[in-house]
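First the structure, in the form of structure tokens, and then the observations on it.
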Amino acid sequence: MKPGERSTYYITTPIYYVNGLPHVGTALTTVACDALTRYQRMQGKKAVMLTGTDENGAKIQEAAENAGMPPMTFVDGLASAFRACWDDLDVCYSDFIRTTEPRHTEAVQTFFRILLEKGHVYRDTYEGWYSVSDETFYRDSDVENGIALETGKPVVRVSEENYFFRLSAFSEKLLQHIESHPEFLLPEFRRNEVVSFIQEGLRDMCITRPNKGWGIPFPGDSSKVIYVWFDALISYLASTGWPNGESGWEDRWPADAHFMGKEIFVRFHATLWPAMLMALDLPLPRQVFAHGFWTVPGLKAGEKAGKSTGGLPHPSAMAGLLQERSGTDRTLAVDALRYILCREMNFGMDTEFTLENCLRRYNTDLANDLGNLVNRTVNMVQKYCGGQVPAPRAMDEEIVALAGEAQSEFQRCMSEFRLNHAIESVMSLVGRMNKYIDVRMPWALAKQATEGDRQAEEMLAQTLYVCLEAARIASLMLTPFMPTAARALCAQVGGSFDEARWGAVQWGGLEPGAELQPPKPVFPRIADLVVTEADLKRTGALKETKEERRNMSNAHAETVPPGTPLPPPDAAAEETLITIDDFMKVHLKVGEVLAAEPVPNATKLLRLTVQTGEEETRTILAGVAEYYSPEELVGKQVVVVANLQPRKMRGIESQGMLLAADVEGRAVLVRPIAEGVPPGSRVR
RNA sequence: GGCGGAGUAGCUCAGUUGGUUAGAGCAUGCGGUUCAUACCCGCAGUGUCGGGGGUUCAAGUCCCUCCUCCGCUACCA
């Protein structure tokens, strides 16, 4: 073994943020990793797959509070939900790490102690400007008129103490590494995004948040917890046993692959995490790959309104749907789901997800093509060869070569994380075999053979052996995606099944003379491909809200700057009752729009001059430019929140807020029914 | 506004470093076959490869420009 080459292959999924249940998005990442892991094991490597849950962060604490339970109880429940889902999907993860486990928190604290020792973290107390949008602090000289000169973003005056990671110090090193390791960041167009992101200039990152009793305390300063992103990434290292010298962590680090959805690629896995590792002089992961998202098609123009557009179902529920529709076993339905996810997703790109497509994919690929190939072949062996694997004198070299090509194509695609293409290479062999049968017409050969045609007899033996063997090879290649189905299919064609041996994929592994059982369809055809609303409901694929769609990604995309209030969940808002006194704190007034104009460089903002019965008119910025033209607002009455703290946007101070109804994301302004209400009238 | 992605057959998309008459799958239509899970095979298709310029012997591919859609982000107090 060459230096730097190990027998262990280490791959990770993201550590899923427990702000929701698993869905086919997280399932895709996890199943794909599982397939890659199984594939490596077939190659004879000891493959280790890590998954887990990210349980720190203010959001989690808040969600637990809303759910009325202690945070630990809350995350326990979600962690088991994830684990149960992966177990259900036959995911062979080697380790499931939770960021609330001691082994993780200890590794994180050690990591930060070293960062501090090496001078990569500094503490800073600022009495100065902070840009919420930039998440950056600015000196007085960088600011003019409440705007950061560098970025043009509004700033606020803060006095805050925090710890910072010297991310900016690693720009050059990162760029060099990326350049000299073309396979490091994939797909290629994402690597380019990273390069431009780094070239735009990295800023030191604030890595602490106030300690509110949930999170990993900052070493030596328990008033702070470590920002959730910094601790989450370290789980990849913590799982190996680092820094414990006796744990053998060096056998697993660096990781061979980090696999994830695109939203956590550029900033975190391709930039921050490598920089953190560089800071500790630890080797960088070999490959970081980002796949795209499932997209959910919206209503098409002209389609009936109100028809559900569907969303992303829960994986187990979807397996249930496949099981029910096809009538196959649960484990086979799970395999079908695994196959469908990896086949449908165009890795790297975004891909449309619909249950209809998935069901159709089941029928065409698994039932009609692969399943039927095995079924019809075995059937003919039963009828024409007495149920024994025939022993031809020669092979059809064209098919042998084709199987070889499929195999090398498969391996190439797998090494590039293009799992859908890997599957396609197998299915093209399957398609070729179905055609092969039609061309060779074994039934005709069998008839000739019974009439004493020895050449036809040999041709028949060759044809059926070639079909059995190609089906066996195709099934074996699909083992990483469908372990149970592959075993069942192999058994039907009389092949032995060894999950741990890619060598068995070689042509000629099928022993002539083996007895075959009568075939039983592994993937029964689905008769009804129609997906009803009831199906969508049952699988959890109901129409999503905007918020859910935003959260459909794999892990948390928490880029919320410190101090940003989180939007309260709708449920909580409905349940929380306020007193009349609470309400009276809000001063609502009728106002009249005297003037309106667009705000330069803003697509949503209108600058309104509003008469609210006071000596001076108010300047109010309203985010309604997409729904109202300035002209149509002038002269209209509106309802103004009069005692709201002023806020600067685009350099202009907004002195209030307009009430508007949220109609499916569109703003509809509220105004008095009667005309001529005197401006300034109190609304209550 | 900034950054990124996309625009190719009815639908979903491939098209690698520019190189023959632009492909696949699904759906549609017709035909064939019968071993099989009413399956499989064949044939037929329709394309101004978003528009317009340019480079070139040669452009879906490279350059410029414009249009449309999507995502992220900055502004929806």
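By convention in this document, chain letters (A, B, ...) are assigned in the order of the sequence lines, proteins followed by strands, and residues within each chain are numbered from 1.
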Searching all strands shown, indicate the nucleotide that pairs with [N] (Watson-Crick or G-U wobble; both distances under 3.5 Å).
{"N": "G4(B)", "value": "C70(B)"}
{"N": "C30(B)", "value": "G42(B)"}
{"N": "U16(B)", "value": "none"}
{"N": "U61(B)", "value": "none"}
{"N": "G25(B)", "value": "C11(B)"}
{"N": "C35(B)", "value": "none"}
{"N": "C49(B)", "value": "none"}
{"N": "C75(B)", "value": "none"}

Rounding to an integer number of Å, can you tell me how far [X] [atom1] sits from [N] [atom2]?
{"X": "Glu263(A)", "N": "C70(B)", "atom1": "CD", "atom2": "P", "result": "20 Å"}
{"X": "Tyr436(A)", "N": "U34(B)", "atom1": "OH", "atom2": "P", "result": "19 Å"}
{"X": "Met380(A)", "N": "C40(B)", "atom1": "CE", "atom2": "P", "result": "14 Å"}
{"X": "Arg343(A)", "N": "A14(B)", "atom1": "CZ", "atom2": "C1'", "result": "11 Å"}
{"X": "Ile620(A)", "N": "C76(B)", "atom1": "CD1", "atom2": "C1'", "result": "14 Å"}
{"X": "Leu366(A)", "N": "C26(B)", "atom1": "CG", "atom2": "P", "result": "13 Å"}
{"X": "Arg190(A)", "N": "C72(B)", "atom1": "CZ", "atom2": "P", "result": "12 Å"}
{"X": "Asn375(A)", "N": "C35(B)", "atom1": "CG", "atom2": "P", "result": "13 Å"}

Is the shortest distance from a Lys or Arg side-chain nitrogen in [X] or [Y] to a carboxylate oxygen in the other one below 4.0 Å?
{"X": "Lys447(A)", "Y": "Asp453(A)", "result": "no"}
{"X": "Lys636(A)", "Y": "Glu632(A)", "result": "no"}
{"X": "Glu614(A)", "Y": "Arg618(A)", "result": "yes"}
{"X": "Arg376(A)", "Y": "Asp438(A)", "result": "yes"}

In sequence, state the C-alpha distance, the side-chain angles, and the governing distance for Arg432(A) and Glu398(A), and then conclude on salt bridge (charged side-chain N to carboxylate O under 4.0 Å, His left out). CA-CA 11 Å; Arg432(A) 181 66 182 77; Glu398(A) 191 197 331; 3.1 Å; yes

By the 4.0 Å heavy-atom rule, please label [X] as base, sugar-phosphate, or nothing.
{"X": "Phe523(A)", "value": "base"}
{"X": "Arg360(A)", "value": "sugar-phosphate"}
{"X": "Leu658(A)", "value": "nothing"}
{"X": "Pro442(A)", "value": "nothing"}
{"X": "Asp369(A)", "value": "sugar-phosphate"}
{"X": "Asn434(A)", "value": "sugar-phosphate"}
{"X": "Met657(A)", "value": "sugar-phosphate"}

Among [options], find the nucleotide with the atom closest to the side chain of [X].
{"X": "Ala367(A)", "options": "C35(B), C75(B), U37(B)", "result": "U37(B)"}
{"X": "Lys383(A)", "options": "C35(B), A77(B), C75(B)", "result": "C35(B)"}
{"X": "Asn368(A)", "options": "C40(B), C35(B), U37(B)", "result": "C40(B)"}
{"X": "Asn346(A)", "options": "C13(B), C35(B), A77(B)", "result": "C13(B)"}
{"X": "Asn379(A)", "options": "A77(B), A36(B), C75(B)", "result": "A36(B)"}
{"X": "Asp438(A)", "options": "A38(B), C41(B), A77(B)", "result": "C41(B)"}
{"X": "Leu605(A)", "options": "U37(B), C76(B), C35(B)", "result": "C76(B)"}
{"X": "Trp443(A)", "options": "C76(B), A36(B), U34(B)", "result": "U34(B)"}
{"X": "Pro521(A)", "options": "U37(B), C76(B), C35(B)", "result": "U37(B)"}

Distance, [atom1] atom - from [M] to [N], rounded to whole angstrom:
{"N": "C40(B)", "M": "U33(B)", "atom1": "C1'", "value": "8 Å"}
{"N": "A44(B)", "M": "A6(B)", "atom1": "P", "value": "32 Å"}
{"N": "G54(B)", "M": "A9(B)", "atom1": "C1'", "value": "29 Å"}
{"N": "U12(B)", "M": "U28(B)", "atom1": "C1'", "value": "16 Å"}
{"N": "G5(B)", "M": "C11(B)", "atom1": "P", "value": "25 Å"}
{"N": "U65(B)", "M": "G2(B)", "atom1": "P", "value": "13 Å"}
{"N": "G7(B)", "M": "A74(B)", "atom1": "C1'", "value": "26 Å"}
{"N": "G53(B)", "M": "G15(B)", "atom1": "C1'", "value": "25 Å"}

Closer than 4.0 Å, any side-chain N/O of Asn363(A) to the OP1 or OP2 of U37(B)?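 The answer is no; no side-chain N or O of Asn363(A) sits under 4.0 Å from OP1 or OP2.
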
Tell me whether the side-chain N/O atoms of Lys435(A) come closer than 4.0 Å to OP1 or OP2 in G42(B).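 For G42(B), OP1 or OP2 has a side-chain N or O of Lys435(A) closer than 4.0 Å.
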
Indicate yes or no: at least one non-hydrogen side-chain atom of [X] is less than 4.5 angstrom from one of [Y].
{"X": "Leu606(A)", "Y": "Pro630(A)", "answer": "yes"}
{"X": "Val640(A)", "Y": "Met657(A)", "answer": "no"}
{"X": "Pro187(A)", "Y": "Phe417(A)", "answer": "no"}

On RNA chain B, nearest-nucleotide positions of His421(A) versus Leu370(A): which is more 5'?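 Per heavy-atom nearest nucleotide, the more 5' residue is His421(A).
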
Should we count CD of Glu616(A) as having more than 12 external heavy atoms under 6.0 Å?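 Counting neighbours around CD of Glu616(A), 12 or fewer heavy atoms of other residues, nucleotides or ligands fall under 6.0 Å, so no.
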
